[in-house]
Amino acid sequence: QVQLVESGGGSVQPGGSLRLSCTVSGFTLDDSSDYYAIGWFRQVPGKEREGVACISSSDGAPFYADSVNGRFTISVDNAKNTVYLQMNSLKPEDTAVYYCAADTNGDSRTYASAGKYDYWGQGTQVTVSP
């Protein structure tokens, strides 16, 4: 059974940094025979879930939304079976609940499409304020 557990959220001032973790169980990120895509999404009340970054086992370059490109970095630690989202130069508009999600079936939809993913974590709150 696939499970995703996020951690690392919190409150930070504008310009600060946070690192979110998504610990994966149920499949192994360094198993070259298995496809996966891990995406990070965020959501604020009243708005649709927004894809911010994604990394997959098949593509060379990670995907980043324009709103976070150059500030956020997604990475994988195979030894810990964990995907990280390093968030730098945080802005108040980055405030949201952040979710990680996994596609283990090779869904053809774009990485930013929430429907691509079949497993979701519970979310972690990130608040950026003075």
Side-chain angles (χ1 to χ4, degrees):
Q1 182 177 1
V2 175
Q3 290 188 325
L4 308 173
V5 178
E6 302 99 335
S7 61
S11 295
V12 65
Q13 293 185 339
S17 297
L18 284 174
R19 188 179 75 163
L20 304 183
S21 300
C22 174
T23 301
V24 178
S25 60
F27 70 94
T28 304
L29 296 176
D30 69 350
D31 186 341
S32 60
S33 65
D34 289 338
Y35 167 85
Y36 71 83
I38 303 292
W40 281 98
F41 285 75
R42 64 187 181 186
Q43 189 169 27
V44 298
K47 292 190 176 181
E48 290 188 357
R49 201 163 286 194
E50 174 192 16
V52 297
C54 178
I55 194 166
S56 80
S57 59
S58 61
D59 292 346
F63 156 84
Y64 296 101
D66 289 343
S67 57
V68 307
N69 197 20
R71 300 188 297 121
F72 290 12
T73 302
I74 189 170
S75 62
V76 178
D77 186 331
N78 289 328
K80 296 184 178 181
N81 221 43
T82 297
V83 177
Y84 298 103
L85 185 67
Q86 178 67 44
M87 306 186 297
N88 299 328
S89 302
L90 283 162
K91 305 175 181 180
E93 52 264 42
D94 295 319
T95 296
V97 177
Y98 283 72
Y99 301 88
C100 66
D103 164 28
T104 60
N105 297 313
D107 190 286
S108 62
R109 281 170 280 191
T110 177
Y111 292 136
S113 172
K116 171 180 175 65
Y117 302 88
D118 39 8
Y119 299 99
W120 291 82
Q122 81 287 352
T124 185
Q125 176 70 47
V126 171
T127 302
V128 185
S129 64

TODO: Apply side chain to side chain contact (heavy atoms under 4.5 Å, CB included) to Thr23 and Gln3, showing your working.
DONE: CA-CA 8 Å; Thr23 301; Gln3 290 188 325; over 6 Å; no

Open item on the list: Once side chain to side chain donor-acceptor pair (under 3.5 Å) is applied, do any residues pair with Arg19, and if so which ones, sequence neighbours excluded?
Closed with: none

Open item on the list: What I'd like to find out is whether the side chain of Thr28 reaches to under 4.5 Å of the side chain of Asn81, using heavy atoms alone.
Closed with: yes

TODO: Taking all non-hydrogen atoms of both residues into account, name the closest pair between Ser21 and Thr82 and its distance.
DONE: CB-CG2, 4.0 Å

Open item on the list: Assess whether a salt bridge exists between Asp103 and Arg109, defined as any Lys/Arg side-chain N lying under 4.0 Å from an Asp/Glu carboxylate O.
Closed with: no

TODO: Heavy atoms only: give me the nearest Lys91-Val128 pair and the separation to one decimal.
DONE: O-CB, 3.3 Å

Open item on the list: Looking at every non-hydrogen atom in both residues, tell me the closest pair between Ile38 and Ala102 and how far apart they are.
Closed with: CD1-CB, 3.7 Å

Task: Which residues share a side chain to side chain donor-acceptor pair (under 3.5 Å) with Asn88, sequence neighbours left out - done: Ser17, Gln86

Task: Enclosure of Gln13 CD (heavy-atom neighbours >12, cutoff 6.0 Å) - done: no

Task: Minimal non-hydrogen separation, Leu90 against Arg71, with atom names - done: CA-NH1, 3.9 Å

Only pairs under 3.5 Å count here: list side-chain donor-acceptor contacts from residues 62-69, not counting sequence neighbours, and write none if there are none.
from  : atom 1 : to    : atom 2 : distance (Å)
Tyr64 : OH     : Ile74 : N      : 2.9
Ser67 : OG     : Arg42 : NH2    : 3.4
Ser67 : OG     : Glu50 : OE2    : 3.3

Task: Any side-chain heavy-atom pair of Met87 and Leu20 under 4.5 Å - done: yes

Open item on the list: Once rounded to the nearest 0.5 Å, what's the spacing between atom OG1 of Thr124 and atom CG of Leu85?
Closed with: 11.0 Å

Task: Residues that Val76 engages under side chain to side chain contact (heavy atoms under 4.5 Å, CB included), provided they are two or more places apart - done: Leu29, Tyr36, Ile55, Asn78, Val83

TODO: Could you pull out the closest heavy-atom pair between Val44 and Ala96, with the gap in Å?
DONE: CG1-CB, 3.6 Å

Task: Partners passing side chain to side chain contact (heavy atoms under 4.5 Å, CB included) against Ser11 (at least two apart in sequence or in another chain) - done: Thr127

- [ ] Evaluate the side-chain proximity of Glu6 to Tyr98: yes if any heavy-atom separation is below 4.5 Å, no if none is.
- [x] no

- [ ] Might you point out which heavy atoms bring Ser57 and Tyr35 nearest each other, and give the distance in Å?
- [x] OG-CA, 3.3 Å

Task: Short side-chain to backbone donor-acceptor contact, Asn105 and Asp107, under 3.5 Å - done: no

Open item on the list: Please determine whether residues Tyr84 and Trp40 belong to a single hydrophobic cluster, defined as Ile, Leu, Val, Met, Phe, Trp and Tyr linked transitively by side-chain heavy-atom distances below 4.5 Å.
Closed with: no

Open item on the list: Checking Phe41 now: which residues fulfil ring pair (Phe, Tyr, Trp, His ring centres under 6.0 Å) with it, not counting sequence neighbours?
Closed with: Tyr117, Trp120

